4 protein chains.
Amino acid sequence: MEDHHDLLKLLEEEGQAKEITPKQAQILQAAVEIFAEKGYASSSTSEIAAKAGVAEGTIFRHYKTKKELLISIVTPVMTKFTVPFFATHFANQVFENPPAEFEELLRNLLKNRFEFAKQNAPLIKILIQEIAFHEELQDRIQEVFLEEVFPKFERILDHFKTDQTVIDYPTTTIIRMVVSAIVGFLVTRFLIAPDGEWNDEEELEQTIHFIMHGLSKPAE
Amino acid sequence: MEDHHDLLKLLEEEGQAKEITPKQAQILQAAVEIFAEKGYASSSTSEIAAKAGVAEGTIFRHYKTKKELLISIVTPVMTKFTVPFFATHFANQVFENPPAEFEELLRNLLKNRFEFAKQNAPLIKILIQEIAFHEELQDRIQEVFLEEVFPKFERILDHFKTDQTVIDYPTTTIIRMVVSAIVGFLVTRFLIAPDGEWNDEEELEQTIHFIMHGLSKPAE
Amino acid sequence: MEDHHDLLKLLEEEGQAKEITPKQAQILQAAVEIFAEKGYASSSTSEIAAKAGVAEGTIFRHYKTKKELLISIVTPVMTKFTVPFFATHFANQVFENPPAEFEELLRNLLKNRFEFAKQNAPLIKILIQEIAFHEELQDRIQEVFLEEVFPKFERILDHFKTDQTVIDYPTTTIIRMVVSAIVGFLVTRFLIAPDGEWNDEEELEQTIHFIMHGLSKPAE
Amino acid sequence: MEDHHDLLKLLEEEGQAKEITPKQAQILQAAVEIFAEKGYASSSTSEIAAKAGVAEGTIFRHYKTKKELLISIVTPVMTKFTVPFFATHFANQVFENPPAEFEELLRNLLKNRFEFAKQNAPLIKILIQEIAFHEELQDRIQEVFLEEVFPKFERILDHFKTDQTVIDYPTTTIIRMVVSAIVGFLVTRFLIAPDGEWNDEEELEQTIHFIMHGLSKPAE
DNA sequence: CATGAATGAGTCTTCATTCAT
DNA sequence: CATGAATGAAGACTCATTCAT
């Protein structure tokens, strides 16, 4: 239920504006589940319609094509998942007034993304799977990256590099490392082994420590 | 051409034994390219046949189903990419006679996988994309992980943990971190931005340094 | 035209309930003709669609598989042709109040089945041809035989055996003989030589006489 | 084994003359089994080849087409099953020197055909199933009927009609009745319920009695 | 707005047949 | 003679999309 509303909220905001009708909500819900389970190309609109409890035609009343349905689902995720690496309230706080410690920033970031992933695992799975095959998605994510993620990240990094806290690698390199660590964790946690026994708190801390200090045993 | 032979060698070895006929080779080559480009589900056997320059029926003489074709392509990659994280000559050297430094081992590993990825980017792309949707592949990779990767990795890690070189995290956690860093690098390098200007030597070293020491500016 | 309506009525009644749409009726009509002409296995859905004047896909909207189409056609025939050997109004009359003569019962039966066969020759041909190869059909007909035909027939026969009118053979044997004679006649009349010159009235009477008294010249 | 030789003998005699090679024998054997089981149209040459233990190409070395293979199998059966209703040694005896009793002739006929059917049930099944769909077969059987069965039967019948033993129905009518009774019995015995418990001797006698005297209780 | 019957292009797969070895 | 790799036409079936109701 809560998930349901969250999903809607997520998809709605960015959405084709307008109100989302109940039927449309059912369609989105069903599409997300089915796309996540079998992949976009292997999902059929008839199956989606069946699961959503609507007629096949109804889907096409709201989304001109199957692909448009995918885009409607995936685009908001891209923005919501990527941008807030620094965006919204949290981001701005961080930027205007960077925390004393780079580590603290990472912690915020990671916890934040963790919660998001927890509630939106299927959406993220769809995004990861489909981005490889749809140029529109690639273009959009590149845009988001270049306009949102990179510049903001760079500003912060400059701060901490000058600060002598963070090593002087190119921004893209650092982003790649941080993102790899975070995404690697989230993918393992929510997609590969969601049913394992996880001590999330601990894993989060260890991941932060890894990003900061690597695997080396701290000198005593 | 070289690629061609490499691909064949890779697919052949593990393969359904037998000799691979020329037509079969063309089919594999074409299938790899097309699967990598549009994904398994969106690739049609007729397109593969056309690109391979054979009749569509010929595909099914060699592979009973389209899925069997996929499996024939992907299975060897799983073994070849995953196992040699430590296997074969290199691995054994390492085990019998571990390098003085954990870092040195990482360097070997990374360079080794880098070369492999360089020559097999499309295969790896297919593997990553399709593993999410085919249980057979998941089963196989889990088997490989549990029987090959994990135990060998653990043995090495135990050595370096005792040694006080490596921090005392659970093996799975460390594997996740190392793999995330390596895969994150390879994916960025060969799939996301293969056309960027890359100073591979430097990136490799930085990645190793990141895995060892994280992003913290080394104390001077 | 009349045939058309009769066919529909036959197929419809037993049918998958629902209304039969016009297109569906065309499909059934075409399928019956083609199945009867070339046999189920040699008939193609594309040919059926063409003859029915619908798109091939339309067939599969109404019948999930080609086999389901066959079953939809053949099942009602089994019931309609077999059961009424004694069923419905006619049967009950006969049972409650058996005709003075066994011969009279045979005459009713034969005339009745003759009319049915006359109007449904293609359906009967399909039934005869396909029953050998489809277990579902065999199961269904066995069920019909055991639950409908046999018990009712037995009741009548017992009456006439006691009565000293009918020879004391096992029921199954008598059924086999009667059915062979009837089916043998109908098959010859409508399938083998439908275009011959037939004096139906006479042949019917002769067949009845044959069943009752065999070929022996009646003693004078 | 014996079956095997019998089959070969049957198929060979009429055959394309020549010797039948071992491979060819295996092909025939396999084809008969498979055709009988699934019907001609649903049998594949590859399956036949597999069961026969030969390469697919080998079939086409001996039989230009799949249909020719069918014809090679079915044609001899038609002759052997139909003609000997009166043909060969037995027939001639009968004709030159008709038995005192029509009943005796029927007994010979029935026993004879019974033995044949017992040993060639699959062949007969194939014949019955396929004759409806192949003009060549229909032409051939009509020829056989008109040239062999009918004239010989008529001669005998004339004898017994004159004799006042057999009722004066048209020859075709009588043939139909006799054939229906015989085929009805054989089909039930060997195709419909081959696994039932049969008292063959008794059923044969009852069938003869039925043909002669029908179902009427003999007057005492 | 919603429906669901209808479409027809396209999918994977089968198969009889050929032919170089 | 026998093989079996290769063919390509045809088969059953799927599916995104349209449109009259």
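These numbers come from a predicted model, not from an experiment. Chain naming here is simple, since letters A, B, ... match the order of the sequence lines and numbering starts at 1 in each.
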Protein proximity profile, nucleotides 3-8 of chain F - base contact B, sugar-phosphate-only contact S, no contact -, cut-off 4.0 Å on heavy atoms: BBBBBB
N/O donor-acceptor pair under 3.5 Å between Glu130(D) side chain and Gly39(D) backbone: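 Checked: no pair found.
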What's the spacing between [X] [atom1] and [Y] [atom2] if we round to 0.5 Å?
X	Y	atom1	atom2	answer
Glu47(C)	Glu37(C)	CD	CD	7.0 Å
His134(C)	Gln129(C)	NE2	CD	10.5 Å
Leu137(B)	Leu70(B)	CG	CG	6.0 Å
Ile73(B)	Leu69(B)	CD1	CG	4.5 Å
Leu28(C)	Glu33(C)	CG	CD	11.5 Å
Leu123(D)	Lys125(D)	CG	NZ	12.0 Å

Would you mind reading off the distance between [X] atom [atom1] and [N] atom [atom2], rounded to a whole angstrom?
X	N	atom1	atom2	answer
Lys64(A)	dT18(F)	NZ	P	10 Å
Glu68(C)	dT14(F)	CD	C1'	15 Å
Lys67(C)	dC13(F)	NZ	P	11 Å
Ile48(A)	dT17(F)	CD1	C1'	14 Å
Gln26(D)	dC1(F)	CD	P	14 Å
Leu70(C)	dC13(F)	CG	P	12 Å
Tyr63(B)	dT14(E)	OH	C1'	19 Å
Lys38(C)	dA10(F)	NZ	P	12 Å

Under the side chain to side chain donor-acceptor pair (under 3.5 Å) test, residues paired with Ser46(A) that sit two or more places apart: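 For Ser46(A), the residues satisfying side chain to side chain donor-acceptor pair (under 3.5 Å) (neighbours in sequence not counted) are Ser44(A).
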Counterpart residues, side chain to side chain donor-acceptor pair (under 3.5 Å), relative to Glu136(A) (two or more places apart):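 Listed in chain order: Lys67(A).
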Nearest non-hydrogen partners of Gln24(D) and Tyr63(D), listed with the distance: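 Closest approach of Gln24(D) to Tyr63(D), heavy atoms only: NE2-OH, 3.2 Å.
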Nearest-nucleotide comparison on DNA chain F, the residue closer to the 5′ end among Ala41(A) and Phe60(C):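 So the residue in question is Phe60(C).
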DNA chain E-proximal residues of residues 128-139 of chain A, any heavy atom under 4.0 Å: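 None, since no heavy atom is under 4.0 Å.
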Nearest to side-chain heavy atoms of Thr45(D), which nucleotide of dA16(E), dT13(E), dA12(F):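 Of all the options, the side chain of Thr45(D) is nearest to dA16(E).
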side-chain N/O Ser44(C) vs dA10(F) OP1/OP2, d < 4.0 Å: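 No, because none of the side-chain N or O atoms of Ser44(C) sits under 4.0 Å from OP1 or OP2 of dA10(F).
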Residue-phosphate contact under 4.0 Å: Thr65(A) side-chain N/O, dA16(F) OP1/OP2: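 So the side chain of Thr65(A) is outside the cut-off, no N or O lying under 4.0 Å from OP1 or OP2 of dA16(F).
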Runs of at least three Watson-Crick or G-U pairs with DNA chain E, cut-off 3.5 Å: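 Output for stems: E:2-21 with F:2-21.
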Residues in ring-ring contact (aromatic ring centres under 6.0 Å, His included) contact with Phe35(B), at least two apart in sequence or another chain: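 For Phe35(B), the residues satisfying ring-ring contact (aromatic ring centres under 6.0 Å, His included) (neighbours in sequence not counted) are Tyr40(B).
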Sugar-phosphate, base or nothing in reach of Ser43(D), heavy atoms under 4.0 Å: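 Result for Ser43(D) = sugar-phosphate.
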Trace of the side chain to side chain contact (heavy atoms under 4.5 Å, CB included) decision for Lys51(D) with Ile48(D): CA-CA 5 Å; Lys51(D) 180 161 215 161; Ile48(D) 294 172; 5.9 Å; no
